[in-house]
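Throughout, a chain's letter reflects where its sequence line sits, starting with A, and its residues are numbered from 1.
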Amino acid sequence: MRVAIIGAGVIGLSTALCIHQQYHGLVPSLEMEVYADRYTPHTTSDGAAGLWQPYLSDHGNLQETLWNKETFDYLLGHLGSAAAKEMGLFLISGYNLFTQPVPDPSWKNIALGFRNLTPKELELFPGYSYGWFNTALMLECRSYLPWLTNRLTQRGVKFFHKKVESFQEMFAQGADVVINCTGVRAGELQPDPELQPGRGQIIKVLAPWVKHFIITHDTKSGIYKSPYIIPGSEFTVLGGINQHGNWSEENSAQDHKTIWENCCRLLPALQEAKIVQEWSGLRPARPRVRLERETLRHGHFQAEVIHNYGHGGFGITIHWGCAMAAARLFGSILQEKKLAGLPQPRL
Amino acid sequence: MAAPKVAVVGAGVIGLSTALCIAESCPSCSVTVLSDQFSPKTTSDVAAGMLIPHTYPGTPIHLQKQWFKETFTYLFAISNSAEASEAGIHLVSGWQVFKNTPKEELPFWSDIVLGFRPMSKAELQKFPQHRFGQAFTTLKCDCLPYLLWLEKRLKATGVQIYSRKVADLWELHSEYNVVVNCTGIGARQLVGDEKLFPIRGQVLKVHAPWVKNFIRDGDGLTYIYPGIHRVTLGGTREKGNWSLSPNPGTTKDIFDRCCSLEPSLRGAQDIKVKVGLRPSRQSVRLEREVLSQGGVKLPVVHNYGHGAGGFSVHRGTAKEAARLVRECIAALQGPSSRAKL
């Protein structure tokens, strides 16, 4: 059984690991290969600050809320392990700020210690009259992706630096199942008008005195269009840009100004922070995550694709729940191959 | 008296903050700081600088609460300003956990820190050996930048700072009108206060920048306090131990205790060991005294004995000490006193 994963961001690598962990013992010769034209530190995941936090509203996508919870619980379970530091995983507390009262989010009981802000705390944030405090997790991809890569390499998974032009290309090479984790550029393999870039830009600074994340919200303009400050293990990420439909990966001076001024207004001491890096990336935005099987027929080929893309600005937040769901889809493919009695000499 | 001359002896957090309060509240005063130790060699430099008060058995609670509130309010304003990083003041959230439920559920300072509440069951799962906990947000005062920031402000108001070992407060009587004694543990020898005793604390200062929350065991012995560049791991409370030498066995013990609270600390790098002697006393000595020899008087204001709670109450006690200094000056200027200048 040959499995090809396309994409080596957080989604591709975690899906690969999840499937390998669950099935390599059950499938006599599970050969897994990862194909990507970008590897860490050049993936979209690498630019993300790494904060586990779903969007404010799940828009009725209860399944996504469940995947977020599965991811949080999975990561929480790894916190006390020796691997946590290598994974780039740690606890962090912080603030979500609003200009008016809002309903509690779907994830209030998933995160730890969720509560409303007290009047005294709100004094810290002039202009904001309502907010939340909670403890969540950080998962820094510049550590997590190499960790995933190491786990996969140890398991004999092979990596190829290659831009895949079509699913057929993979099947022609002998792949039985293709896992499509191509993020924002999934449309190049199969048109998907629902998938659009949500362009983000961030400034990385040295501000080690900042110990909390601060995420402001402007419910009129939408998610991540309002300033946010997220402290990592080495750098603090300043952001607040989300431009739907903008494919540019170039840093914009105007966006830099917006981020810098807004974040310094939020935390005046940031004016003393040294700027270390600027980065732009494209969130793979979609009304809902595409996580489903598709059977492709090409000539006399019948091959299976599992799509796992479109995680917007919550890829890290939801990744493990999606990886497990993809693994279940993979399991159902295995079941069908057995039941259908198709010539599968290796099973 | 044209320009009363005030000497503040001691340049730890108490000495420098007291000098600043005097300079701020008595613009006509000429203030000088004298000390044989400066940052980074003061007792304050060993402390983590967390605003979590120590309870003094001999000081009325309402007074301790007032001192803490004044200090918290003062530092809160700085943490919210552009000077926060220069002054080394930052907010930090975390947990105080107890193996056994404490007698008093609400400490006197619970309404001064931010967001104080009991920990949820889910939060307590991270601490399997502990049955009860409190979550809150407080301030941390990183000593080195804070003392430097205080020094900068002192110099801006014209306060002079000199390195000088004062062997006897009386030696200052000819140069100064009022002396303020902020000598911490040094007061034991300087003024012979036998009620003052050291409580030795050994700590580790480590590089573990992924630790963003504080964790403190309610017994006060084990704590993890993330600072700007380093995390302070503690500690010990050894009453009557005057040794300033690090104890390697203690180092391992502190590290193990902290790792059991926060396993990721096993990956901490560049471990530095420090020792400080908490200047402990039943109550903070914050009062006036008049020294006299051969008809000559020297008013003294004592402000020492803050033990484990120096940072938590420093501004409150500094303001009170400054008030006592003004009283001394008023008494000197009164009709019945002899002006020395």
Side-chain angles (χ1 to χ4, degrees), chain A residues 72-73 76-95 109-126 133-135 138 140 143 206-214 231-235 264 266-274, chain B residues 72-73 76-95 111-128 133 135-137 140 142 145 208-215 226-230 259-260 262-269:
Chain A
F72 191 86
D73 291 343
L76 201 61
H78 275 78
L79 254 192
S81 76
K85 184 191 173 195
E86 210 193 320
M87 286 166 80
L89 175 65
F90 53 93
L91 278 175
I92 189 168
S93 304
Y95 306 93
N109 292 321
I110 305 172
L112 299 174
F114 182 94
R115 62 172 174 82
N116 285 347
L117 291 182
T118 63
K120 191 106 185 89
E121 288 173 305
L122 284 165
E123 275 178 42
L124 287 165
F125 310 111
F133 179 93
N134 66 270
T135 300
M138 283 285 285
E140 295 181 312
S143 298
L206 276 175
W209 66 89
V210 179
K211 305 292 181 190
H212 297 92
F213 61 81
I214 304 171
S233 62
E234 209 180 331
F235 305 112
C264 285
L266 197 47
L267 265 193
L270 279 176
Q271 290 160 59
E272 307 301 314
K274 179 165 169 225
Chain B
F72 195 91
T73 304
F76 185 75
I78 300 171
S79 79
N80 210 10
S81 77
E83 294 190 73
S85 67
E86 195 201 335
I89 314 287
H90 56 100
L91 280 177
V92 59
S93 298
W95 307 281
D111 58 344
I112 300 170
V113 297
L114 304 174
F116 185 97
R117 60 174 168 81
M119 280 166 76
S120 64
K121 254 202 179 136
E123 287 174 299
L124 273 167
Q125 281 183 341
K126 190 172 135 56
F127 307 102
F136 57 94
T137 300
K140 187 179 188 297
D142 269 34
W210 60 89
V211 176
K212 306 287 185 194
N213 291 302
F214 72 81
I215 305 171
I228 295 176
H229 297 294
R230 301 197 144 249
C259 287
S260 79
E262 178 52 70
S264 71
L265 283 171
R266 290 271 163 216
Q269 301 283 309

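- Without hydrogens or angle criteria, B/K212 side chain to A/V210 main chain gives no donor-acceptor distance under 3.5 Å.
- For the residue pair B/W210 and A/F90, the shortest heavy atom distance occurs at O-CD1, 3.2 Å.
- To the nearest 0.5 angstrom, B/S79 atom OG is 6.0 Å from A/L124 atom CG.
- For chain A, the option among B/G115, B/G227, B/P226, B/G94 with the highest count of heavy-atom pairs below 4.5 Å is B/G115.
- Using a 4.5 Å cut-off between heavy atoms, B/S81 touches chain A through its backbone atoms (N, CA, C, O) alone.
- For the atom pair OG (B/S93) and CG (A/L91), the distance works out to 12.0 Å, reported to the nearest 0.5 Å.
- Both the backbone and the side chain of B/A84 come within contact range of chain A, judged by heavy atoms closer than 4.5 Å.
- With values rounded to the nearest 0.5 angstrom, A/K120 atom NZ is found 10.0 Å from B/I112 atom CD1.
- Residue contact with chain A, scored on non-hydrogen atoms closer than 4.5 Å, involves the side chain of B/N213 exclusively.
- Between atom OG1 of residue B/T137 and atom NZ of residue A/K211 there is a gap of 14.0 Å, rounded to the nearest 0.5 Å.
- A distance of 9.0 Å separates CD in B/Q125 from CG in A/L112, rounded to the nearest 0.5 Å.
- Proximity of A/E272 to B/E86: side-chain heavy atoms (C-beta onward) are nowhere separated by under 4.5 Å.
- Contact annotation for B/K126: only side-chain heavy atoms (C-beta onward) come within less than 4.5 Å of a heavy atom of chain A.
- Contact count versus chain B (heavy atoms, under 4.5 Å) is highest, among A/C264, A/G88, A/P231, A/A207, for A/P231.
- Only the side chain of A/T135 comes within contact range of chain B, with at least one heavy atom under 4.5 Å from a heavy atom of that chain.
- Residue B/E123 touches chain A through both its backbone and its side chain, counting heavy-atom pairs closer than 4.5 Å.
- With a 4.5 angstrom heavy-atom cutoff, A/E123 touches chain B via backbone and side-chain atoms both.
- Residue B/P209 comes nearest to A/S233 through the heavy atom pair CB-O, 3.0 Å, listed as atom of the first residue, atom of the second, then distance.
- Interface check for chain A: of the options B/A77, B/G88, B/A122, B/G267, the most heavy-atom pairs under 4.5 Å are formed by B/G267.
- Here NE2 of A/H78 is found 14.5 Å from OG of B/S264. Values are rounded to the nearest 0.5 Å.
- The residue among A/E86, A/M138, A/R115, A/Q271 with the most heavy atom pairs within less than 4.5 Å of chain B is A/R115.
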